[in-house]
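Throughout, residue positions are numbered sequentially from 1 according to the sequence presented.
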Amino acid sequence: MNNDRLVPALFTTMKTYSKEQFVKDLISGIIVAIIALPLSIALAIASGVGPSEGIYTAIIAGFIISAFGGSRVQIAGPTAAFATIVAGIVAKNGMSGLALATIFAGILLVLMGLLRLGSLIRFIPYTITTGFTAGIAVTIVIGQIKDFLGLTFVKGMPTIETIDKVKAIAASIGTINVSALIVGIISLAVLILWPLIPKLGEIIPASLIAVFVGIAVVFGMKLPVNTIGDLYTIGRELPSLQIPEITVDGLKAAASNGFTIAVLAAIESLLSCVVADSMINAHHRSNQELIAQGIGNIGSALFGGIPLKTADVHLLQVSFTPSFWF
């Protein structure tokens with residue numbers, strides 16, 4: 001695949017597509033969707049918005065970036081890398097400010113693709129990407145301690161920044177919910193042990209099993225833990241077009257925040273493409289991928305979603321989609 005062409009990978013793939021590949025992709029899509037649903041909701045909540053915004057983002061971004069992206073196996077959705085950034089923007093500028101920043105980021109990403117800046121990914125030092133990824137991992141772990149332990153944070157304590165979350169955890173450590181901890185430990189054990197099962201662990205993703213086991217434990221044992229339904233109301237309606245309010249101050253903030261979102265989305269998404277390439281022995285079109293990321297972010301913002309990039313769950317799609325093994 002010529003990675004300099006501004007042509008979606010889907011157009012190339014469809015030339016040799018078959019019914020057998022469709023069936024395999026359908027099965028893979030169902031598996032990935034089941035995993036992506038709770039993941040998108042969780043990341044949206046961690047970003048300071050509601051679960052509906054996460055679902056909208058996964059639907060819109062998943063479709064747009066799969067259709068127009070430069071990789072055969074790339075999908076997208078809410079991401080942990082943006083959680084702290086998004087939460088800060090929402091707290092300061094509201095959802096309208098977040099929408100403006102996301103649109104600005106989308107425009108920048110499209111321009112980066114048109115200017116053929118995708119190839120610059122090869123010049124980013126490996127140590128920087130490793131450190132950045134490790135930092136995200138630490139942020140995710142700290143952000144999940146509250147729900148893993150079932151803590152009830154002290155009312156009024158700030159919890160946007162990572163250090164603030166650490167302080168809130170320390171102040172609320174006496175409110176541990178044993179039932180929530182049991183569910184968390186069981187789910188974590190499934191994630192660790194399931195891949196060790198010969199053959200079966202290679203066919204069915206551990207995260208999918210963990211979702212069903214967790215649900216079964218909560219309802220089977222009738223454990224008193226909070227569920228998404230207890231804490232939030234998720235509407236059944238489809239996302240509608242939402243034009244953000246445009247002000248001078250809003251545009252100034254959007255420029256700064258949008259640049260940060262665009263750079264992170266570009267780096268993380270192209271790195272994900274590189275990882276996927278190594279798994280399927282292929283080459284992505286980096287500039288086309290940037291354009292798709294930009295269109296996806298603009299579309300997400302206009303329909304009530306949040307900033308996005310290639311979701312980590314896309315690697316599951318690569319692993320469990322036989323149709324891409326050609």
Side-chain angles (χ1 to χ4, degrees), residues 33-58 77-91 133-194 205-234 306-308 311-313 316:
I34 293 173
I35 299 172
L37 178 62
L39 179 63
S40 299
I41 290 175
L43 292 176
I45 293 173
S47 300
V49 298
S52 296
E53 283 76 7
I55 296 175
Y56 295 161
T57 304
T79 173
F82 290 161
T84 302
I85 297 173
V86 172
I89 296 174
V90 173
T133 305
I136 293 174
V138 172
T139 301
I140 293 173
V141 170
I142 294 176
Q144 294 303 305
I145 291 177
K146 172 183 180 293
D147 294 319
F148 187 84
L149 299 178
L151 301 179
T152 301
F153 279 172
V154 177
K155 189 175 181 179
M157 288 194 69
T159 57
I160 296 177
E161 299 296 335
T162 301
I163 297 301
D164 293 335
K165 291 178 181 177
V166 173
K167 294 178 180 178
I169 291 170
S172 309
I173 197 64
T175 63
I176 293 179
N177 183 327
V178 177
S179 297
L181 180 59
I182 291 173
V183 176
I185 292 175
I186 292 175
S187 300
L188 182 61
V190 171
L191 291 173
I192 296 173
L193 299 177
W194 182 263
S207 50
L208 179 62
I209 301 300
V211 169
F212 288 122
V213 170
I215 293 174
V217 170
V218 171
F219 285 95
M221 300 177 63
K222 300 186 183 301
L223 297 178
V225 298
N226 288 325
T227 65
I228 298 297
D230 295 331
L231 302 175
Y232 301 93
T233 299
I234 302 178
I306 60 178
L308 59 99
D312 299 332
V313 74
L316 290 172

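In this structure, the side-chain contact (heavy atoms from CB on, under 4.5 Å) partners of Met157, at least two apart in sequence or on a different chain, are Val154, Lys167, Ala168, Ala171. Applying the side-chain contact (heavy atoms from CB on, under 4.5 Å) criterion to Ala91, with sequence neighbours excluded, gives Ile160. Annotation: side-chain contact (heavy atoms from CB on, under 4.5 Å) contacts of Ala210 (sequence neighbours excluded): Val190, Leu191.
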Show the atom names and distances, to 0.1 Å, of all donor-acceptor pairs under 3.5 Å that link a side chain in residues 144-151 to residues at least two apart or in another chain.
none

Which pairs of donor and acceptor atoms, one on a side chain in residues 46-57, lie under 3.5 Å apart (sequence neighbours left out)?
residue, atom, partner, partner atom, Å
Ser47, OG, Leu43, O, 2.7
Glu53, OE1, Gly50, N, 3.2
Thr57, OG1, Glu53, O, 2.7
Thr57, OG1, Ile306, N, 2.9

Tabulate below the donor-acceptor pairs under 3.5 Å that side-chain atoms of residues 175-183 make, not counting sequence neighbours, or state none.
residue, atom, partner, partner atom, Å
Thr175, OG1, Thr152, N, 2.9
Thr175, OG1, Ser172, O, 2.7
Asn177, OD1, Ser179, N, 2.9
Asn177, OD1, Ala180, N, 3.2
Asn177, ND2, Pro224, O, 3.3

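Across Leu308 and Phe82, no two heavy atoms sit closer than the pair O-CE1, 3.5 Å.
In this structure, Ser187 OG and Phe212 CZ are separated by 13.0 Å, a value rounded to the nearest 0.5 Å. To the nearest 0.5 Å, atoms CD1 (Ile34) and CG (Leu39) are separated by 13.5 Å.
Within the 4.5 Å cutoff, side-chain heavy atoms of Val217 are placed close to those of Leu223.
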